Structure formats: C-alpha cells, structure tokens
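Single-structure report; data block below.
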2 protein chains.
Amino acid sequence: MIIKQKKSTQAPISDTCEINCIHPAAVKQARDKALPLSTATDLSQIFQVMADPSRLRIISLLAERELCVCDLAAALGMSRSAVSHQLRVMRMSRLVKYRKEGRIAYYSLDDEHVSKLFTLGLDHLGHVSP
Amino acid sequence: MIIKQKKSTQAPISDTCEINCIHPAAVKQARDKALPLSTATDLSQIFQVMADPSRLRIISLLAERELCVCDLAAALGMSRSAVSHQLRVMRMSRLVKYRKEGRIAYYSLDDEHVSKLFTLGLDHLGHVSP
DNA sequence: TGAACAAGTGAACGCTTATTCATATATATC
DNA sequence: GATATATATGAATAAGCGTTCACTTGTTCA
C-alpha cells in the first residue's frame with residue numbers, strides 16, 4: 001500500500017476527443033464534472049485500504065472494541081507480523097488510531113467514516129448477493 | 001479484477017491462540033464477532049472495484065448521467081479499450097448497468113449504494129486531508 | 001542486568017491487476 | 001454485399017501488493 005501518485009498514463013487532452021466522441025455536448029459537460037485525477041487517486045487509496053479481507057476483518061473487530069495487535073492476531077488466526085503490517089497501512093490512511101500502554105499497542109477505528117463505509121459496503125453486498 | 005476466492009493462507013485455529021494472546025476473554029468474544037473470511041473476501045471485492053482512479057472517475061461521471069463508452073473515453077482522455085475493460089469489471093460487480101441502442105452502449109450506475117459509497121468516501125477524504 | 005516478549009520493519013517471493021496492442025463481433029450506412 | 005465504426009475481448013507486459021521470514025526496538029519483570 002504505497003501512498004504515492006500513480007504515474008499518469010492517460011493521453012493528453014486533444015482535439016481528437018471532439019472528433020471521436022458521439023455526443024460532444026455531453027462530453028464537454030462531463031469533462032468539467034469529472035473527478036480530477038489527483039482527487040480520484042487520493043480517494044482510490046482509501047478504498048484500496050478497505051479492499052483486503054484481512055483488513056476488513058480487522059475493521060470488523062475494531063468496530064466492536066479496541067484490541068491489541070496480539071489479540072487481533074489470535075482472534076483472526078494471523079501472524080502478529082502480518083497484523084502489524086496491515087495496521088501500519090491502515091494507520092497511514094487514518095483508518096485506525098492507537099494508544100500505547102507499556103509495550104502493548106491498543107488499536108481502534110479512527111473516525112465514524114470507516115465504520116460507515118464498512119456498513120454501507122455490507123449493505124450493498126446484501127443487495128447484490130442476498 | 002478476477003472474482004474468485006482468495007487462497008486461504010491463514011493459520012489453522014489452534015490452541016496457540018489461547019496461549020499467545022493477552023486478553024483471552026476479548027479474543028474469544030472477538031473470534032465470534034469477526035467477519036467470516038468468505039464475507040470479508042466478497043466485501044473486499046466491492047472495495048477493490050472502487051479502488052482505482054480510472055473507475056472512480058467513471059463513477060463520478062455516471063453519477064451525473066448515463067454515457068456511452070466513446071464519450072466516457074473522450075471525457076476522461078482514456079482509450080476506448082481501457083474504458084471498456086474497466087466497465088466490464090464494474091459490470092461484473094454490479095456497480096454499473098447498461099442498455100444498448102444499436103451499436104452504442106449507454107452505461108449508468110446500478111444502484112444507489114455505489115454513489116453513496118462514492119460520496120461517503122469523498123467525505124472521509126475531506127476529513128483526512130481538508 | 002538480562003531474559004522474555006509485544007510490536008514494528010525491511011527484503012523477498014508469488015500472485016494480482018491496469019493498461020496497451022491486436023483482433024473479433026455486431027450494427028449502421030452506402 | 002461491403003465498408004466504417006462502437007464495443008468487447010484475449011494476450012502480454014509492467015507495476016503493485018500481501019504474506020512470510022528474519023531481525024530490531026523498546027518495555028517489563030525477575
């Protein structure tokens with residue numbers, strides 16, 4: 001989960017667009033309303049962090065209560081190293097926060113958007129494959 | 001975006017969990033509440049589809065109005081082939097639907113969850129990096 | 001002080017994925 | 001029928017990602 005700008009591979013905006021499209025008016029309007037590539041990239045990184053089964057299972061547990069790395073690993077049957085790597089990714093995207101008590105790190109969800117996205121995703125899943 | 005079950009690489013649930021965790025009661029409770037791996041995998045695929053700048057830009061346009069492949073490509077400065085590939089992925093996950101008029105395919109968002117996820121994601125983005 | 005242990009990290013391996021190029025399919029127009 | 005065009009698709013390549021393994025850091029407690 002490297003947080004960096006994706007190399008721009010899109011073709012330069014040129015007149016060919018005006019020529020090769022079917023509804024020039026719709027295209028012109030759409031081009032103004034399109035999400036800028038930079039914003040789309042930032043947003044994609046949030047969804048990218050949510051797009052892993054292990055991380056989603058971590059979120060499902062942290063939605064209930066804060067837990068330490070060790071207990072997360074035990075509850076999910078993952079290695080502590082794997083959990084720690086995933087938490088790092090989630091920390092960098094501000095999906096989780098943590099507090100330290102001695103050598104133990106207690107993790108919890110960072111804000112309500114995370115659990116909302118999680119819940120909304122589950123809703124959609126229910127509609128798509130009930 | 002191949003929709004298939006991820007090979008299970010997690011360790012089998014064994015007694016080591018009871019031994020190596022710090023708060024056994026919390027772990028026991030958490031293990032019951034954890035999202036099953038299969039559900040987590042299904043859900044991760046939805047977020048995976050949302051986790052690409054090109055697809056998010058397509059969604060941002062389709063949230064306004066239906067558009068054909070050609071116009072989407074023109075508006076986003078992408079090749080028609082690339083757009084078609086992405087629409088295929090989004091179609092398979094039921095994020096978009098389409099109708100055909102002759103040789104032209106008009107795409108639109110499949111249900112309100114998609115635009116809700118999109119909007120909620122943007123909200124979170126606003127909180128994280130305002 | 002030193003052993004035990006929770007957590008974090010870097011490298012590496014195997015797998016996934018987005019784009020491009022070439023081509024196929026299907027429809028409209030001549 | 002023949003041509004042009006809108007879309008779909010398959011193969012290939014390059015980039016990205018999740019896990020494991022080995023190791024480091026920092027804290028607790030005997």
Side-chain angles (χ1 to χ4, degrees), chain A residues 1-11 19-23 37 40-41 44-45 47-58 67-74 76-93 96 98-107, chain B residues 1-11 19-23 37 40-41 44-45 47-58 67-74 76-93 96 98-107:
Chain A
M1 178 69 356
I2 310 302
I3 306 297
K4 67 182 174 191
Q5 201 75 347
K6 182 176 241 179
K7 183 177 55 183
S8 172
T9 53
Q10 65 174 343
I19 294 168
N20 291 337
C21 63
I22 296 179
H23 309 90
L37 183 57
T41 302
S44 74
Q45 284 160 358
F47 287 117
Q48 184 70 47
V49 177
M50 308 277 295
D52 179 80
S54 298
R55 289 194 287 265
L56 286 173
R57 297 181 82 212
I58 291 175
L67 285 167
C68 67
V69 178
C70 203
D71 288 348
L72 279 171
L76 297 176
M78 296 173 62
S79 73
R80 279 180 258 187
S81 176
V83 171
S84 188
H85 272 294
Q86 297 296 20
L87 287 172
R88 182 173 190 267
V89 169
M90 298 166 80
R91 227 167 46 216
M92 292 198 309
S93 297
V96 301
Y98 77 114
R99 66 184 179 85
K100 264 208 159 173
E101 249 184 41
R103 56 185 161 178
I104 302 180
Y106 290 95
Y107 279 84
Chain B
M1 178 70 354
I2 310 303
I3 306 296
K4 66 181 172 191
Q5 202 74 346
K6 182 176 241 179
K7 183 177 51 184
S8 172
T9 54
Q10 65 174 344
I19 294 168
N20 290 336
C21 63
I22 297 180
H23 309 90
L37 182 58
T41 303
S44 75
Q45 284 160 359
F47 287 118
Q48 185 69 47
V49 177
M50 306 278 295
D52 180 81
S54 297
R55 289 195 287 264
L56 286 173
R57 297 181 82 212
I58 290 174
L67 286 167
C68 66
V69 178
C70 202
D71 288 347
L72 278 171
L76 297 176
M78 295 173 64
S79 75
R80 278 181 261 187
S81 177
V83 170
S84 187
H85 274 293
Q86 298 295 19
L87 287 171
R88 183 172 189 268
V89 171
M90 299 166 79
R91 226 167 46 216
M92 292 196 310
S93 297
V96 301
Y98 77 114
R99 66 184 181 83
K100 264 208 159 173
E101 249 184 40
R103 58 184 160 178
I104 303 180
Y106 291 94
Y107 280 85

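Keep in mind that this is a model prediction, so the values were computed, not measured. Residue numbering restarts at 1 for every chain, and letters A, B, ... go by the order of the sequence lines. For the numbers below, each heavy atom of this structure counts, side chains included, while hydrogens, waters and symmetry mates do not.
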query = Given C:dT17, D:dA8, C:dG8, which nucleotide is nearest the side-chain atoms of B:A105?
reply =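 So the side chain of B:A105 is nearest to D:dA8.
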key: Nucleotide nearest B:Q48 when distance is taken to its side chain, options D:dT19, C:dT17, C:dT19   =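 Per side-chain heavy atoms of B:Q48, the pick is C:dT17.
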Whole-Å gap separating [atom2] ([N]) and [atom1] ([X]):
X: B:M90; N: C:dA18; atom1: CE; atom2: P; result: 11 Å
X: A:I104; N: D:dT27; atom1: CD1; atom2: C1'; result: 10 Å
X: B:R57; N: C:dT19; atom1: CZ; atom2: C1'; result: 15 Å
X: B:M92; N: C:dA18; atom1: CE; atom2: C1'; result: 13 Å
X: B:D52; N: C:dT17; atom1: CG; atom2: P; result: 11 Å
X: B:I58; N: C:dA18; atom1: CD1; atom2: C1'; result: 12 Å
X: A:M50; N: D:dC17; atom1: CE; atom2: P; result: 17 Å
X: A:L67; N: C:dA6; atom1: CG; atom2: C1'; result: 15 Å

request  = Any chance you could lay out the side chain to side chain contact (heavy atoms under 4.5 Å, CB included) test for B:Q45 and B:T41, step after step, and finish with the verdict?
outcome  = CA-CA 6 Å; B:Q45 284 160 359; B:T41 303; 3.9 Å; yes
ask   = What nucleic acid atoms does B:Y106 come within less than 4.0 Å of, heavy atoms only: base, sugar-phosphate, or nothing?
value =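 No contact.
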May I ask you to verify if any side-chain N or O of [X] is less than 4.0 angstrom from the OP1 or OP2 atom of [N]?
X: B:R88; N: D:dT7; value: no
X: A:S84; N: C:dA7; value: no
X: B:R80; N: C:dC21; value: no

query = CZ of A:R57 to OG of B:S44: how many Å apart, nearest 0.5 Å?
reply =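 Rounded to the nearest 0.5 Å, the CZ-OG separation comes out at 11.5 Å.
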message = Under a 3.5 Å distance rule, please check whether B:R80 uses its side chain to pair with a backbone N or O of B:A73 as donor and acceptor.
response = no
request  = For A:L56 and B:A40, work out which heavy atoms get closest and say how close.
outcome  =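 Nearest heavy atoms, A:L56 then B:A40: CD1-O, 3.5 Å.
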ask   = For A:Q86 and B:A82, take the nucleotide of DNA chain D holding the closest heavy atom to each; which residue's nucleotide lies nearer the 5' end?
value = B:A82
task = List the steps and the verdict of side chain to side chain contact (heavy atoms under 4.5 Å, CB included) for B:L87 and B:L72.
result = CA-CA 10 Å; B:L87 287 171; B:L72 278 171; 4.0 Å; yes
request  = Report yes or no: is the ring centroid of B:H85 under 5.5 Å from the six-membered base ring centroid of D:dT9, with the two planes under 30 degrees?
outcome  =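 Here the ring of B:H85 and the base of D:dT9 are stacked, with centres under 5.5 Å and planes under 30°.
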ask   = Reading nucleotides 22-30 of chain C 5' to 3', which nucleotides get B (base under 4.0 Å from a protein heavy atom), which S (sugar-phosphate only), which -?
value = B----BS--
query = Can you tell which of A:L67, A:I58, A:V69 makes a side-chain contact (heavy atoms from CB on, under 4.5 Å) with A:Y107?
reply = A:V69
query = Of all residues at least two apart in sequence or in a different chain, which pass the side-chain hydrogen bond (donor to acceptor under 3.5 Å, both in side chains) check with B:Y106?
reply = A:H23
